[in-house]
2 protein chains.
Amino acid sequence: MYMDTLLDLPQLRTFFTLAQSGSFTACAHRLHRTQSAVSHAMAKLEDLAGVPLLDRKSRELGLTEEGRRLYLACEQVFATLDAAAEDLKRHQTLARGRLRVGATVEFGSSILMKHMQPFLAANPELEIDFTLSQDLLSPLLRDDLDLIIDCQDHPLPTLKKASLFREIYVVACAPAFRKTHRLRVPADLSRGPVLSLDKAGAWWNRFLMAVPDHEQPQLDRIIAVNHIRAMIHAAVEGMGALLVPRYSVLGELERRDLVALFPAIRPTEDRFSIYQKKVKANHEKQKLLTRYLQSLSPAEFGS
Amino acid sequence: MYMDTLLDLPQLRTFFTLAQSGSFTACAHRLHRTQSAVSHAMAKLEDLAGVPLLDRKSRELGLTEEGRRLYLACEQVFATLDAAAEDLKRHQTLARGRLRVGATVEFGSSILMKHMQPFLAANPELEIDFTLSQDLLSPLLRDDLDLIIDCQDHPLPTLKKASLFREIYVVACAPAFRKTHRLRVPADLSRGPVLSLDKAGAWWNRFLMAVPDHEQPQLDRIIAVNHIRAMIHAAVEGMGALLVPRYSVLGELERRDLVALFPAIRPTEDRFSIYQKKVKANHEKQKLLTRYLQSLSPAEFGS
DNA sequence: CATATACATGAATGATATTCATGCATGGCG
DNA sequence: CGCCATGCATGAATATCATTCATGTATATG
């Protein structure tokens with residue numbers, strides 16, 4: 001209903017990236033969106049522009065004359081904009097003092113630690129301590145922690161919640177294990193041992209609930225390992241299939257120590273959020289860290 | 001690794017306008033937003049930037065050092081962007097052929113006609129005919145019209161709907177009339193004649209429903225006039241108070257031939273939309289007109 | 001002081017972008 | 001050829017974000 005500019009930034013950014021990527025799908029990956037989102041965005045942009053901007057006929061996707069001109073404008077605009085953003089970042093007031101951060105054990109050790117160095121380097125005056133634990137809420141409320149990263153929901157009115165990323169679960173196993181047990185559909189899991197945090201196998205419910213009835217496996221042979229990292233090592237050694245948050249095995253998947261099974265099955269996702277006491281959330285150091293964490297792309301978290 | 005841009009266009013546009021306007025409220029008016037919206041947007045922008053951009057302490061609202069730098073970047077960016085938009089507009093494929101447009105009588109005669117000239121001038125090859133009528137749907141379905149602008153809802157699957165603006169109703173009368181009848185609250189309307197499209201006064205229900213119980217007027221003296229334009233002339237002459245869509249009396253309010261009454265009471269709004277047959281909505285000429293109408297600011301429609 | 005002006009804020013709402021689940025076309029390839 | 005893979009489009013459902021509404025707080029002004 002309001003149409004200040006004909007041009008809309010998210011769409012232009014998409015267009016700009018698309019022109020560099022050569023295909024909708026590639027562009028979508030770069031922007032951590034789906035191909036569909038890119039398609040919608042471009043349709044809208046072209047509709048707004050009133051002229052075709054993309055030339056879809058040939059194999060390689062090209063720009064029309066108008067598209068090329070718009071692309072040049074984008075170069076200008078984004079150069080300026082990015083420079084301005086850089087400039088702002090440089091001039092952010094540096095944080096100082098002490099900040100006590102809590103996180104879940106697996107997330108903290110595998111992901112958080114990997115990404116804190118640049119932040120620490122940028123804020124040498126800031127002293128950060130980390131506490132990895134299952135129970136994060138009570139230390140936060142007790143003021144033993146200033147900021148926690150948790151996948152449990154804490155809907156308290158005194159807490160400020162900022163959502164961070166979605167924790168996606170995967171079923172995975174060693175490549176050799178998949179071969180010997182001929183794992184093709186979820187039902188095949190009945191054939192071999194599975195690793196579980198608990199002996200009863202409740203750990204796997206999250207997965208089972210997402211499996212259609214006729215493909216339900218019988219998980220009879222359960223190997224209990226009460227520690228995720230240990231479970232992962234066990235899986236790499238071919239001891240069984242496991243169910244874990246994707247972020248915890250990013251490296252193993254990359255190196256093909258593990259392979260993901262049944263990508264079509266999507267267990268319910270948990271959402272990781274940052275929680276802070278509202279009264280302290282305005283402190284520069286807390287805002288700074290929050291911003292930093294949120295600026296990490298979802299890909300870093302395996303989403 | 002870092003999210004798109006830290007900078008977001010609608011916010012930057014607001015910031016840019018704000019810097020030129022000198023106050024939140026003034027900026028809000030320019031952008032046809034509320035002061036609150038501007039405030040929210042700036043809060044978010046500053047939060048993203050990580051540094052204060054606005055200096056609110058002194059009487060005149062100023063920019064901080066970082067704000068000034070960002071403002072310079074904005075100048076650049078919006079200059080480029082607006083130029084690109086202009087360029088695109090120039091290169092839009094010109095429409096040609098014939099386009100039959102339908103609209104409600106009052107809207108068509110008072111507003112639509114006022115704004116079509118630039119469009120016609122930009123598309124000399126296009127022949128447009130206008131039909132103002134109460135019944136727009138059937139001619140559209142019969143293909144006697146290509147595009148209609150209507151405040152009735154037509155939720156048909158074969159039609160494409162594009163919303164245009166909200167029709168806001170006002171109660172108004174001649175300044176002298178207000179004085180002689182001492183109209184201060186809705187109940188005072190009992191004192192003098194009111195103009196209505198129908199003798200029964202059902203026309204006023206839209207207003208009465210928005211009035212709290214204890215202020216309900218008794219509309220006993222009703223002057224029926226079955227034509228809005230005539231009703232307006234009657235009101236200007238001091239014959240009574242009337243209830244009309246704001247857009248129909250924009251001129252009279254401006255010249256103070258009429259004054260708006262009870263701004264606190266807000267009758268239900270109707271939404272004007274553009275309807276076209278889906279199969280024909282892709283025709284260049286129809287898209288062009290749709291875009292043009294949507295690009296008119298809400299202020300043009302009295303919203 | 002009382003009032004007016006200017007901005008802030010939280011909750012509710014409304015609008016928009018994104019995804020999901022498809023469909024349709026084109027280009028290898030057995 | 002028919003078959004599958006790939007790349008883009010599309011409509012409905014959903015998630016995300018902006019805007020408004022209804023207030024609150026602060027400061028200046030007569």
Side-chain angles (χ1 to χ4, degrees), chain A residues 1-4 8-14 18 21-29 31-48 52 54-62 157-158 160-166 168 263-264 266 269 271 273 278 281-282 294 298 303, chain B residues 3-4 8-14 18 21-29 31-48 52-62 157-158 160-166 168 264 266 269 271 273 278 281-282 294 298 303:
Chain A
M1 180 115 113
Y2 46 78
M3 217 118 297
D4 296 334
D8 187 9
L9 194 59
Q11 271 147 228
L12 280 182
R13 179 67 84 172
T14 308
L18 175 57
S21 313
S23 102
F24 279 50
T25 316
C27 168
H29 277 107
L31 297 173
H32 305 297
R33 305 265 120 86
T34 61
Q35 171 267 315
S36 174
V38 176
S39 178
H40 277 293
M42 291 306 94
K44 189 160 186 194
L45 183 62
E46 286 188 302
D47 185 58
L48 262 152
L54 300 171
D55 179 9
R56 294 144 164 107
K57 56 174 170 297
S58 61
R59 205 80 188 78
E60 303 288 288
L61 138 107
T158 59
K160 176 168 177 178
K161 171 181 176 178
S163 75
L164 196 51
F165 71 99
R166 290 208 270 247
I168 293 175
R266 317 217 317 197
E269 305 164 351
R271 279 150 181 270
S273 297
K278 273 182 186 166
N282 291 323
Q294 290 188 320
S303 304
Chain B
M3 221 66 136
D4 304 340
D8 187 8
L9 195 59
Q11 272 146 228
L12 281 182
R13 179 69 85 172
T14 308
L18 174 57
S21 311
S23 102
F24 280 50
T25 316
C27 169
H29 277 107
L31 296 174
H32 306 297
R33 307 264 120 85
T34 60
Q35 170 266 317
S36 174
V38 176
S39 178
H40 277 292
M42 290 306 95
K44 190 160 186 194
L45 183 62
E46 287 188 302
D47 186 58
L48 260 142
L53 300 169
L54 300 171
D55 179 8
R56 293 143 166 109
K57 32 178 167 301
S58 64
R59 204 77 187 77
E60 302 289 289
L61 145 103
T158 59
K160 177 169 179 177
K161 170 181 175 177
S163 75
L164 196 51
F165 71 98
R166 289 209 268 250
I168 293 175
R266 317 216 316 195
E269 305 165 350
R271 279 150 181 270
S273 297
K278 273 182 185 163
N282 292 324
Q294 290 188 320
S303 303

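Keep in mind that this is a model prediction, so the values were computed, not measured.
- Applying the 4.0 Å criterion to OP1 and OP2 of D/dA9, one finds that A/Ser39 has a side-chain N or O inside that range.
- Distance check: A/Arg166 CZ to A/Arg271 CZ gives 5.0 Å after rounding to the nearest 0.5 Å.
- Judged by distance alone, with hydrogens and angles left aside, B/Gln35 brings no side-chain donor or acceptor close enough to the base of C/dA6 to form a pair under 3.5 Å.
- Here OG of A/Ser39 is found 10.0 Å from CG of A/Leu54. Values are rounded to the nearest 0.5 Å.
- The side chain of A/Arg271 sits closest to D/dA15 out of D/dA15, C/dT18, D/dT20.
- Here D/dG11 presents its C1' atom at 17 Å from NZ of B/Lys161, a figure rounded to the nearest Å.
- Of the listed nucleotides (D/dA18, C/dT19, D/dT19), D/dA18 has the atom at the smallest distance from the side chain of B/Lys44.
- Rounded to an integer number of Å, the gap from B/Arg33 CZ to C/dG14 P is 16 Å.
- Summarising the geometry, the separation between CG on A/Leu164 and P on D/dT16 is reported as 13 Å, rounded to the nearest angstrom.
- Taking the side chain of A/His40 as heavy atoms from C-beta on, and the options D/dA15, D/dA18, D/dT10, the nearest nucleotide is D/dT10.
- Residue A/Met42 contributes atom CE, which lies 14 Å from atom C1' of D/dA9 at whole-angstrom precision.
- A/Thr25 comes within contact range of the sugar-phosphate backbone alone, with a heavy-atom separation under 4.0 Å but no base atom that close.
- Remark: P of D/dC8 and CZ of A/Phe24 are 6 Å apart, rounded to the nearest angstrom.
- Taken from NE2 in A/His40 to NZ in A/Lys44, the straight-line distance is 11.0 Å, to the nearest 0.5 Å.
- We find that NE2 of B/His32 is positioned 11 Å from P of D/dT20, with the value rounded to whole Å.
- In terms of polar N and O atoms assigned as donor or acceptor, the side chain of A/Ser36 never comes within less than 3.5 Å of the base of D/dC8 in a complementary pairing.
- Across the interface with DNA chain C, nearest-nucleotide mapping of A/Thr14 and B/Val38 shows B/Val38 to be the residue nearer the 5′ end.
- For A/Leu45 and C/dT18, the CG to P distance is 13 Å, given to the nearest whole Å.
- The minimum heavy-atom distance between A/Ser273 and A/Ser163, with the atom names listed, is OG-CA, 3.6 Å.
- Once rounded to the nearest 0.5 Å, the distance linking CD of B/Gln11 with CG of B/Leu53 reads 11.0 Å.
- Remark: P of D/dC17 and CG of B/Asp47 are 13 Å apart, rounded to the nearest angstrom.
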